*Asks:* 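Okay, here's the structure, questions in a sec.
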Amino acid sequence: MKGFVRENQLVGLCGLSCGLCSMKIGGYCPGCGGGKGNQSCAMAKCSMERGNFAYCMECSDYPCEKYEDFDQWDSFITHQNREKDMSRLLELGEEAYITEIMEKRKLLETLLTECNGGRKKTFYFLAVNLLPVSVSREILKQGQGCEVWTEMSPKERENIIVPLLQKEAKTCDVELKLRK
């Protein structure tokens, strides 16, 4: 959105965890307020008209009609935790929440580097985004605790980590699949 600039590029105006999006991490999306290449965004336009809120939740009309069906489907990033993540941002405060996003991002980068046998990129993005950071951290720690971890291929590591994440997702009633 031309003229719309955001200081925090890790969390979108709408509450999406942009710092955990495959398009953002891959350099294909500048995010809302990310400078050159921004996409048109009705929420960014609204924010500019109503006082340049850092997050939509700061507006007295939140959630407004722009959010009708917004979370029903996913884009490149899951929308499944958007509302919960906004509540978490309010609960922790922006600085602590950003610290949590950065920890999740580090975990994600480790999973992608060490445990991706070639076909689990989206799965890892979803798992780290949707599961509590403590769960992702513990599962990775379990895998890395395997005495032959350093000798294993990424595919072999994937075969250890993926079932653990799937089991935990089932326990948390989380579906690790984009809703299209």
Side-chain angles (χ1 to χ4, degrees), residues 6 8-41 69-86 88-89 96-180:
R6 287 184 55 73
N8 179 2
Q9 295 295 310
L10 297 175
V11 180
L13 176 69
C14 61
L16 290 176
S17 297
C18 296
L20 300 174
C21 175
S22 61
M23 295 297 281
K24 178 79 171 162
I25 289 175
Y28 300 108
C29 176
C32 63
K36 189 177 178 183
N38 283 19
Q39 299 300 309
S40 178
C41 174
D69 299 327
F70 183 76
D71 295 328
Q72 203 168 22
W73 312 108
D74 297 323
S75 52
F76 295 107
I77 186 169
T78 182
H79 292 215
Q80 293 176 63
N81 272 7
R82 189 200 55 78
E83 263 188 82
K84 191 166 85 175
D85 288 345
M86 286 272 71
R88 185 113 174 108
L89 173 68
Y97 184 71
I98 295 305
T99 299
E100 189 172 280
I101 292 289
M102 292 304 296
E103 182 180 359
K104 283 185 166 194
R105 191 165 171 157
K106 264 180 131 171
L107 289 165
L108 176 59
E109 289 168 357
T110 301
L111 287 168
L112 291 171
T113 303
E114 293 184 16
C115 308
N116 187 7
R119 302 194 63 81
K120 291 297 180 196
K121 183 178 175 183
T122 299
F123 176 86
Y124 289 137
F125 274 93
L126 286 163
V128 171
N129 200 318
L130 295 172
L131 294 171
V133 67
S134 58
V135 168
S136 299
R137 184 186 322 115
E138 185 56 36
I139 287 172
L140 185 57
K141 187 177 169 184
Q142 281 178 34
Q144 290 173 327
C146 178
E147 63 183 63
V148 292
W149 184 261
T150 54
E151 290 94 48
M152 297 172 101
S153 71
K155 183 68 177 169
E156 291 169 321
R157 293 175 186 155
E158 176 185 296
N159 290 336
I160 291 172
I161 295 294
V162 168
L164 294 172
L165 288 168
Q166 288 170 327
K167 180 181 177 190
E168 199 58 46
K170 192 172 186 176
T171 301
C172 296
D173 197 28
V174 169
E175 187 177 13
L176 299 179
K177 185 174 159 185
L178 283 175
R179 301 165 302 159
K180 300 225 179 208

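In this chain, numbering begins with 1 at the start of the sequence shown. Remember, predicted model here, so these are calculated numbers, not experimental data.
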*Asks:* Can you sort out the partners of Leu164 under side-chain contact (heavy atoms from CB on, under 4.5 Å), two or more places apart, ordered by chain and number?
*Replies:* Ile139, Gln142, Ile160
*Asks:* Write down the atom of Leu16, the atom of Thr78, and the distance for their closest heavy-atom approach.
*Replies:* CD2-O, 3.7 Å
*Asks:* Name all residues meeting the side-chain hydrogen bond (donor to acceptor under 3.5 Å, both in side chains) criterion together with Asp85; count only those two or more places apart in sequence or in a different chain, and write none if there are none.
*Replies:* Ser17
*Asks:* Could Lys106 and Glu109 be called an ion pair, given the rule that one side-chain N must be under 4.0 Å from one carboxylate O?
*Replies:* no
*Asks:* Taking all heavy atoms of Ser22 and all of Phe76, pick out the closest pair and write down the distance.
*Replies:* OG-O, 4.0 Å
*Asks:* Just how far is it from atom CG of Leu130 to atom CG of Leu165, taken to the nearest 0.5 Å?
*Replies:* 11.0 Å
*Asks:* Please report the interatomic distance SG(Cys146) to CE(Met152), rounded to the nearest 0.5 Å.
*Replies:* 5.0 Å
*Asks:* Would you name the heavy atoms of Cys18 and Gly12 that are closest together and state the gap between them?
*Replies:* SG-N, 3.7 Å
*Asks:* Look only at the side chain of Arg82 and the backbone of Cys14, and say whether a donor-acceptor pair between them is shorter than 3.5 Å.
*Replies:* yes
*Asks:* Do you know the tightest heavy-atom contact between Leu131 and Ala169?
*Replies:* CD2-CA, 3.9 Å
*Asks:* For Lys84, enumerate each residue passing the side-chain hydrogen bond (donor to acceptor under 3.5 Å, both in side chains) test, keeping only those at least two apart in sequence or located in another chain.
*Replies:* none
*Asks:* State the CZ-CG distance between Arg105 and Leu10, to the nearest 0.5 angstrom.
*Replies:* 6.5 Å
*Asks:* Using side-chain heavy atoms (C-beta onward) and a distance below 4.5 Å, is Leu108 in contact with Ile25?
*Replies:* yes
*Asks:* Under 4.5 Å between any side-chain heavy atoms of Lys24 and Gln9, yes or no?
*Replies:* yes
*Asks:* Is the shortest side-chain heavy-atom distance between Glu158 and Tyr124 below 4.5 Å?
*Replies:* yes
*Asks:* Residues two or more places apart in sequence or in another chain: which of them pass ring-ring contact (aromatic ring centres under 6.0 Å, His included) with Phe70?
*Replies:* Tyr67, His79
*Asks:* With sequence neighbours excluded, tell me which residues meet side-chain hydrogen bond (donor to acceptor under 3.5 Å, both in side chains) with Trp149.
*Replies:* Glu114
*Asks:* Could you state the interatomic distance from CG (Leu20) to CG (Asn129), rounded to the nearest 0.5 Å?
*Replies:* 5.0 Å
*Asks:* Do Arg137 and Leu107 touch side chain to side chain, with heavy atoms closer than 4.5 Å?
*Replies:* yes
*Asks:* If I compare all heavy atoms of Ala127 with all of Ser136, which pair ends up nearest, and what's the gap?
*Replies:* O-OG, 4.0 Å
*Asks:* Kindly state each residue pair satisfying salt bridge (charged side-chain N to carboxylate O under 4.0 Å, His left out) with at least one member in residues 168-180, sequence neighbours excluded.
*Replies:* Asp74-Arg179
*Asks:* When rounded to the nearest 0.5 angstrom, what distance separates CD in Gln166 from CG in Leu176?
*Replies:* 7.5 Å
*Asks:* Side chains of Lys120 and Ile161, heavy atoms from C-beta outward: is any pair under 4.5 Å?
*Replies:* no
